[in-house]
Engineer: 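If you scroll down you'll find the structure; I have some questions about it.
Just so we're clear, the structure is a prediction, and the values are computed from it rather than from any experiment. Every chain is numbered from 1 and lettered A, B, ... according to where its sequence line falls, protein lines coming before strand lines. Because only heavy atoms are used, hydrogens play no part in the values below, and waters and symmetry mates are left out as well, while side chains stay in.
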Amino acid sequence: MEDIEIKEEQVFEGEESSETSPIPYPEGEEYLLEVNHLKVYFDVIGGKVKAVDDVSFAMKPGETLGLVGESGCGKTTTAFTITRLLPANGNIIDGYIKYKGKTIGEKEPEIKGFMKDRKKRKLYKEREAMMAPIRWAEISMIFQSAMNAFNPVHKIGDQIVEAILAHENVTKEEAMERAKELFKLVGLPPGRVVGYPHEFSGGMRQRAMIAMALACSPSLLIADEPTTALDVIMQDRILAEIKRLQKKLGIAMIIITHDVSVVAETADKMLVMYAGKMMEYGEIGELFHKPAHPYTIGLLASFPSIKGERKKLKSIAGSPPDLVNPPTGCRFHPRCKYAKPICMEKEPPLTEVSPGHWAACHFAKEIYSGELKEE
Amino acid sequence: MAEKTVVNVKNLKKYFPVRAGLMSSFAKEEKKFVHAVDDVSFNIRPGEIYTLVGESGCGKTTTGRLLTRLEDPTDGHIYFRGKDIAFLKGKNLKEFRRNVQMIFQDPYESLNPRLTVFATVSEPLIVHHVGDTIDEREDLAAKALEASELKPATEYLHRYPHELSGGQRQRVAIARALALRPEFIVADEPVSMLDVSIRAGILNLLLELREKYGIPYLFITHDLSVARYMSDRIGVMYLGTLVETGETEKIIKNPHHPYTRALLSSVPVPDPYYKRERKKIKGDLPSPIDIPKGCRFYPRCPFAQKGICDTKKPPIVEVEPGHMVMCHFAKDIPAMDEAMESEIEEDVELGEKLLRETMKSGEEGMLVKEEKVEDLEQYERETAF
Ligand SMILES: Nc1ncnc2c1ncn2[C@@H]1O[C@H](COP(=O)(O)OP(=O)(O)OP(=O)(O)O)[C@@H](O)[C@H]1O
Ligand SMILES: Nc1ncnc2c1ncn2[C@@H]1O[C@H](COP(=O)(O)OP(=O)(O)OP(=O)(O)O)[C@@H](O)[C@H]1O
Ligand code: SF4
Ligand code: SF4
Ligand SMILES: [Mg+2]
Ligand SMILES: [Mg+2]
């Protein structure tokens with residue numbers, strides 16, 4: 001009797017896609033983080049939510065990647081897969097994640113039948129044992145909702161101390177000193193380390209979260225909407241602070257947001273996602289000034305700016321699709337102004353329009369060269 | 001006041017009593033108030049979009065709620081078409097309310113989940129006895145829905161909110177506001193809960209409705225890029241007062257109040273090649289309970305002068321036609337700012353020069369370099385926070 005087996009159709013799905021879409025980074029090089037043909041689906045009643053569906057990118061140390069896209073396109077899911085914090089109904093269906101050359105995530109075996117729960121628990125324990133030394137110390141995360149990131153019944157300082165003690169051979173006093181230093185670093189009065197989460201305002205909690213994320217000098221920081229809930233002045237301060245610390249400590253960062261102007265100012269590269277798929281990936285300047293994907297073009301045209309001429313905004317008609325039954329062919333086709341019949345039938349492969357600049361559109365090259373324009 | 005105005009707000013105030021805590025019931029403290037709106041005056045002209053911008057808690061929503069009379073003012077006047085409606089009651093208030101509508105931030109909360117789109121949009125019609133029969137009301141509702149670009153309306157009339165996307169819900173809320181053909185609309189952060197790609201559509205819809213029906217709006221947002229896109233004039237609010245008002249492009253391109261300048265310089269620009277210059281202000285928004293004396297911005301202002309700003313309430317200065325600034329040094333701030341910037345630049349340059357020199361002198365120099373960098377960063381941080 002075999003309890004653990006790999007479903008055939010899943011293998012098939014994976015193989016099909018790895019044939020069609022290339023990897024948008026040079027293979028064989030050393031990377032800090034490598035995400036390769038990643039697919040993450042959530043089990044729900046009535047099917048699977050294809051939240052991340054064939055996403056690939058790689059990061060070098062110190063690099064900043066901006067991950068953008070509409071609500072529900074799979075940004076947080078990507079982050080939670082890298083840190084292995086997915087909820088129980090989320091599974092890696094295909095692909096792998098490597099951190100400093102070590103595989104920290106890959107296709108998981110389907111667990112079925114007798115003693116299912118025990119096997120699941122065992123797998124979970126193995127995964128946690130693997131991730132424990134990596135979380136916070138190597139990869140840390142600023143969560144989308146900092147409100148929930150701290151345990152409400154413990155003092156914030158104690159929570160930071162605990163994270164430091166778990167990873168480093170220091171005394172409690174030394175760890176507390178470090179926590180105070182970190183508070184100073186993010187502009188919080190060090191005396192406040194003894195405060196409870198509810199005693200902090202939203203902005204202060206966000207800064208405390210950053211202190212926590214930096215406590216063990218990680219190599220990779222994942223910041224999921226770190227400033228969305230904050231005012232512009234606070235947002236600006238916190239982003240400046242993150243950037244400053246990042247530069248000083250040589251930390252690589254994935255910044256997740258739906259505000260493209262934040263990405264424009266913080267990131268070196270940008271990855272645009274739509275409905276679980278990669279739409280476009282490349283250097284930030286290229287993507288803003290020579291976008292090759294209709295979705296990126298639409299996203300940029302829907303943003304007002306405080307600088308330059310006041311331009312008429314264009315919206316992207318319609319709304320993102322249901323990810324249980326996403327549209328055939330190109331997932332963006334129901335909303336795309338450039339769509340042609342082929343878009344409904346065939347999924348567009350990632351195409352390299354210029355070195356390091358990739359777009360998943362049948363007409364990426366024509367759009368990039370300016371041959372094809374929106375009517 | 002020769003100018004024709006639809007709404008004219010004069011010295012409007014709203015103080016909320018601070019609920020007495022357990023302690024204060026023992027220790028007879030004096031009664032405290034949140035000065036949510038504290039002496040605000042502005043006007044809105046026919047067909048105009050006037051935007052209030054400012055940080056969270058500065059009193060934007062309260063001002064909007066006062067203008068629609070969802071809230072009773074503590075003091076002041078609100079002239080609507082020349083008539084003071086600030087303290088209207090009963091029948092007169094109901095009649096006034098027919099003419100003004102409010103669109104709220106959260107389309108998920110502002111629609112009753114148990115009502116169909118038709119019931120939602122026709123609710124104000126029933127309340128105000130507009131349309132005698134269901135058919136008539138359905139007709140009016142359908143027109144409002146189509147004006148909000150929910151076409152064909154018949155497809156939406158009998159749906160419930162959960163069967164609509166966020167953008168569609170906000171369009172229903174706009175249709176409800178339009179159903180009575182109001183003479184004035186307050187739109188409180190109508191897009192901040194919506195997804196980016198949908199925002200532009202709603203903003204354009206609001207602009208088109210203004211074009212089509214000439215309805216003036218009070219638009220409320222904390223997003224200065226959105227404010228710039230939407231408005232004819234902007235009022236910048238800080239701690240319950242307007243610190244700078246004027247035509248949109250004048251405010252954006254030539255801000256005079258130190259707070260406006262800091263606010264504008266904090267807005268990220270969607271262009272990776274653009275090098276933004278950040279103006280730094282200290283600290284956080286003070287509590288609206290204990291308002292600083294003199295100028296409210298005094299504790300955070302880089303130009304504040306002791307003996308003046310901390311004691312005397314600043315005057316309202318017209319720095320160019322129609323561009324008003326509440327500051328003791330309103331006219332001089334841009335020049336003062338420039339002088340300060342170049343001073344900082346010189347400091348930074350000096351620091352960098354020292355750094356370069358010490359780097360040349362070998363190993364020991366490297367140590368000095370570290371220290372120097374620390375210094376600069378420390379300096380930067382101290383001026384930032
Ligand atoms: N636990 C879950 N079970 C089922 N579906 C889920 C679960 N978590 C997320 N999803 C779905 O997966 C998709 C991607 O969600 P995700 O949170 O990654 O989006 P996001 O890009 O971070 O969006 P946002 O900008 O709103 O934070 C969405 O369609 C979401 O509804
Ligand atoms: N009903 C109330 N009772 C007591 N205080 C109130 C009440 N309503 C608002 N306030 C206070 O008045 C001040 C102004 O609030 P208001 O909601 O007008 O701000 P806002 O500018 O709309 O902020 P935001 O951008 O967060 O919506 C705040 O300090 C708020 O806490
Ligand atoms: S493949 Fe077709 S539908 Fe998809 S983005 Fe390109 S043109 Fe649009
Ligand atoms: S009055 Fe003084 S404190 Fe107030 S904004 Fe002007 S310079 Fe700053
Ligand atoms: Mg998310
Ligand atoms: Mg508000």
Engineer: Looking at A:Q235, A:M270, A:E309, which has the largest count of heavy-atom pairs under 4.5 Å with chain B?
Structural biologist: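 Counting heavy-atom pairs under 4.5 Å, the top option is A:E309.
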Engineer: Count the heavy-atom pairs under 4.5 Å between each of A:P320, A:S71, A:G72 and chain B, then report the option with the highest count.
Structural biologist: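 Most heavy-atom pairs within the cutoff with chain B belong to A:S71.
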Engineer: Which pair of heavy atoms, one from A:E265 and one from B:R276, lies closest together, and at what distance?
Structural biologist: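 What the structure gives for the nearest pair is OE1-NH2, 2.6 Å.
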Engineer: Using only atom types and a distance under 3.5 Å, with no angle test, would you say the side chain of B:D195 pairs donor to acceptor with the backbone of A:E70?
Structural biologist: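 No; judged by distance alone, with no hydrogens or angles, the pair does not exist.
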Engineer: Of the backbone (N, CA, C, O) and the side chain (C-beta and beyond), which part of B:S165 lies under 4.5 Å from a heavy atom of chain A, both, or neither?
Structural biologist: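 Interface part for B:S165: side chain.
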Engineer: Please look at A:K311 and chain B and tell me whether the side chain, the backbone, both or neither of the residue comes under 4.5 angstrom of a heavy atom of that chain.
Structural biologist: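 Backbone only.
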Engineer: Please name the pair of heavy atoms, one in B:Y229 and one in A:P304, separated by the smallest distance, quoted to 0.1 Å.
Structural biologist: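 Closest heavy-atom pair between B:Y229 and A:P304: CB-CB, 4.2 Å.
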Engineer: Is it the side chain or the backbone of B:L224 that comes within 4.5 Å of chain A heavy atoms, both, or neither?
Structural biologist: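 Contact with chain A is through both the backbone and side chain of B:L224.
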Engineer: Hey, what do you get for CG (A:L313) to CE (B:M230), rounding to the nearest 0.5 Å?
Structural biologist: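 Atom-to-atom, A:L313:CG and B:M230:CE are 9.5 Å apart.
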Engineer: With chain A, which of B:A200, B:P268, B:A262 has the greatest number of heavy-atom pairs at distances under 4.5 Å?
Structural biologist: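 Top count of heavy-atom pairs under 4.5 Å with chain A: B:P268.
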Engineer: Using 4.0 Å as the upper bound for N to carboxylate O, is an ion pair formed by A:D236 and B:R278?
Structural biologist: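 Answer for the salt bridge query: yes.
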Engineer: Given that the side chain runs from C-beta out, which part of A:S319 has a heavy atom under 4.5 Å from chain B: side chain, backbone, both or neither?
Structural biologist: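 Looking at A:S319, just its side chain touches chain B.
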Engineer: Within the structure provided, determine whether B:N204 and A:K314 are in side-chain contact (heavy-atom separation under 4.5 Å).
Structural biologist: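 They are not in contact (no side-chain heavy atoms under 4.5 Å apart), so the answer is no.
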Engineer: Looking at OG of B:S225 and NZ of A:K307, how far apart are the two atoms once the value is rounded to the nearest 0.5 Å?
Structural biologist: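 That separation rounds to 9.0 Å.
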Engineer: Could you tell me which portion of A:E286 (side chain, backbone, both or neither) has an atom closer than 4.5 angstrom to a non-hydrogen atom of chain B?
Structural biologist: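 For A:E286, the contact with chain B is made by the backbone alone.
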Engineer: Could you walk me through whether B:H222 and A:V232 pass the side chain to side chain contact (heavy atoms under 4.5 Å, CB included) check?
Structural biologist: CA-CA 8 Å; B:H222 64 270; A:V232 268; 5.9 Å; no
Engineer: Please confirm whether the backbone N or O of A:S302 pairs with a side-chain atom of B:R199, one donor and one acceptor, at under 3.5 Å?
Structural biologist: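 Here the side-chain-to-backbone pair does not exist.
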Engineer: Where does B:L203 contact chain A at under 4.5 Å (heavy atoms): side chain, backbone, both or neither?
Structural biologist: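 For B:L203, the contact with chain A is made by the side chain alone.
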Engineer: Could you tell me which portion of B:S192 (side chain, backbone, both or neither) has an atom closer than 4.5 angstrom to a non-hydrogen atom of chain A?
Structural biologist: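 Answer is neither: B:S192 stays 4.5 Å or more from chain A.
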Engineer: Under 4.5 Å heavy-atom distance to chain B, tell me which part of A:I233 shows up: side chain, backbone, both or neither.
Structural biologist: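 For A:I233, heavy atoms of backbone and side chain both lie under 4.5 Å from chain B.
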Engineer: So do the side chains of A:H289 and B:P272 get within less than 4.5 Å of each other, counting heavy atoms only?
Structural biologist: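 Yes. Closest side-chain heavy atoms under 4.5 Å.
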Engineer: Can you find a heavy atom in the side chain of A:I306 that is under 4.5 Å from one in the side chain of B:V269?
Structural biologist: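 When only atoms from C-beta onward are counted, B:V269 and A:I306 do touch, with a gap below 4.5 Å.
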